[in-house]
Amino acid sequence: MDKLRITGGRPLNGEVTISGAKNAALPEICASLLTADPVYLNNVPRLRDVATMRLLLDNMGVQTETHGERGGMSFVAPDSLNPEAPYELVKTMRASVLVLGPLLARFGRAKVSLPGGCAIGSRPVDQHIKGLQAMGAEIVVEHGYMVAQLPQGRSRLKGARIATDMVTVTGTENFLMAAALAEGETVLENAAQEPEIPDLAEMLIAMGAKIEGHGTSRIHIQGVDRLHGCTHQVVADRIEAGTFLCAVAATGGDVVLRHGRADHLDAVIDKLRDAGAEIEAGDGFIRVRASGRLKAQSFRTTEYPGFPTDMQAQFMALNCIATGTSKVTETIFENRFMHVNELVRLGAKIQTDGKVAVIEGIDRLQGATVMATDLRASASLVIAGLVAEGETIVDRIYHLDRGYDQMEAKLRGIGADIERIK
Ligand code: UD1
């Protein structure tokens with residue numbers, strides 16, 4: 001299993017190019033299931049989750065290809081394919097549930113494994129099921145699979161008003177894709193507003209879908225008979241950009257993020273500025289400068305445009321070595337403090353009580369061997385390793401490879417002392 005060896009204490013300087021967003025690319029790959037025409041995506045990040053999603057589609061009978069060095073991919077989903085997502089593939093990636101909506105909408109049936117347990121919480125899919133049932137699907141759960149079909153005599157889903165119990169990102173995406181090909185109008189209340197949603201909606205519109213209100217909490221979709229192919233550019237990864245911002249804020253230095261979208265990171269950038277980092281942003285770039293210890297910042301994770309749960313662990317690493325005490329409240333997932341014990345191994349002073357972590361900032365962390373437990377926890381340990389005294393080994397970095405495009409190469413490019421040990 002690969003590990004990362006990091007020698008901390010170097011400031012970061014230079015330029016990094018931000019890749020396409022994992023959480024946009026995954027639903028957008030699934031959207032290719034909605035048409036028999038070729039669908040081209042550009043700026044797809046090179047990640048394990050993308051490879052897994054590709055395998056999932058390959059396995060159904062979709063022709064998938066990569067093009068060039070710039071993250072080009074194409075997908076052709078023929079009229080007859082096997083609309084199944086087996087456990088072996090779904091278990092490694094919860095986002096596999098995103099095939100359910102498009103498969104039902106185009107083929108009228110789907111068999112998708114339940115995602116199973118997940119390190120950061122139970123993460124059920126009840127809302128996905130309820131919403132698609134409201135659109136007329138018959139869904140039973142048997143032998144660990146969601147088996148979905150349309151009632152006898154129906155060939156399409158029907159529009160519905162769907163109000164989910166909580167804001168769900170992949171739920172909203174599943175409904176958007178399903179509703180695009182349904183009969184009649186669908187209204188999504190309590191829709192997620194994360195930038196990946198409007199990016200998917202724009203892609204669907206380019207395929208011929210009729211959607212209004214994306215980017216707000218109420219989305220209207222007027223279903224159409226058929227969708228056609230399109231070419232779409234995957235939006236920049238705000239979480240990757242946010243991770244680099246926190247890394248530079250923690251180590252000090254001066255870095256420009258090319259293709260970074262500051263307008264998708266307001267909550268994180270506000271906190272970084274309050275902490276004392278200097279951040280400038282313009283069309284397609286974000287520049288961050290920092291020196292010395294920053295001021296610790298308290299925050300609560302909430303849905304977009306609030307502070308993203310996917311940035312909680314990375315910002316906590318920064319708080320560990322900032323001046324003052326901070327309180328971090330995780331409101332989205334019930335078990336998303338697994339990085340805490342590992343940060344403590346590096347010398348951090350953190351107490352947790354339920355969904356609250358209190359961090360007492362200290363002067364410096366000390367290198368040690370730590371274990372990555374989930375994707376964003378891994379990123380937080382990398383940031384901690386970059387500022388710790390001496391050598392840090394981050395074990396189990398396959399979590400990092402799931403969601404970051406060449407993170408260690410990008411960090412090395414801006415001066416970090418980091419290498420992968422096979
Ligand atoms: C997506 C992101 C993930 C991010 C999360 C929250 C992708 C591929 N993943 O995950 O990186 O951390 O949004 O911003 O885009 N819930 C239910 N029942 C459901 C659906 C969700 O109870 O049917 C709960 C979840 O357990 C969680 C909350 O709702 O507590 C929000 O989850 P959700 O927005 O659905 O997360 P994902 O879409 O899985």
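Note that ligands are numbered from 1 as they come in the structure, with each ligand's atoms numbered from 1 the same way.
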- Message: So, 4.0 Å and heavy atoms of G171: is ligand 1 close enough to count as a contact?
- Response: no
- In terms of atom number and element, which parts of ligand 1 are under 4.0 angstrom from non-hydrogen atoms of I332? 27 (C), 30 (O), 31 (C)
- Message: Looking at non-hydrogen atoms alone, which of M53, R376, M166, K22 comes nearest to atom 16 (N) of ligand 1?
- Response: M166
- Message: Before you tell me yes or no, could you show the steps for T301 and E330 under side chain to side chain donor-acceptor pair (under 3.5 Å), namely the whole-Å CA-CA distance, both residues' side-chain angles and the distance that decides it to 0.1 Å?
- Response: CA-CA 5 Å; T301 63; E330 171 60 52; 3.3 Å; yes
- Query: Which atoms of ligand 1 sit under 4.0 Å from any heavy atom of T309?
  - Reply: 6 (C), 12 (O), 14 (O)
- Nearest option to atom 20 (C) of ligand 1, as decided by whichever heavy atom of A95, G403, G306, P124 sits closest: P124
- Would you kindly specify which portion of T168 sits under 4.0 Å from ligand 1, judged on non-hydrogen atoms: side chain, backbone, both or neither? both
- Task: Can you run down the salt bridge (charged side-chain N to carboxylate O under 4.0 Å, His left out) pairs that involve residues 211-222, sequence neighbours left out, and say none if there aren't any?
- Result: E189-R218
- ligand 1 atoms in contact with H128 (distance to a heavy atom under 4.0 Å): 23 (O)
- Mark up the atoms of ligand 1 that fall under 4.0 Å of a heavy atom belonging to R336, in ascending order. 12 (O)
- Message: Please determine whether any non-hydrogen atom of V167 lies less than 4.0 Å from an atom of ligand 1.
- Response: yes
- Task: Determine whether the side chain, the backbone, both or neither of E303 has a heavy atom under 4.0 Å from any heavy atom of ligand 1.
- Result: neither
- Item | Over all atoms of both residues, closest heavy-atom pair of I359 and C320 | CG2-CA, 3.7 Å
- Message: Counting only heavy atoms from other residues, nucleotides and ligands, does the tally under 6.0 Å from CD of Q351 exceed 12?
- Response: no
- Message: Test your reading of the structure: does L26 have an N or O sitting under 3.5 Å from an N or O of ligand 1?
- Response: no
- Quick one: which of L103, L57, N59 gives a side-chain contact (heavy atoms from CB on, under 4.5 Å) with L81? L103
- Query: Quick one: do R287 and E278 make a salt bridge, cutoff under 4.0 Å?
  - Reply: no
- Note on the structure: Quick note on ligand 1: atoms under 4.0 Å from a heavy atom of Q127 include exactly 18 (N), 19 (C), 23 (O)
- Would you call R420 and D2 a salt bridge, using N to O less than 4.0 angstrom? yes
- Any side chain to side chain donor-acceptor pair (under 3.5 Å) pairs touching residues 190-199, not counting sequence neighbours? E196-R238, D199-H232
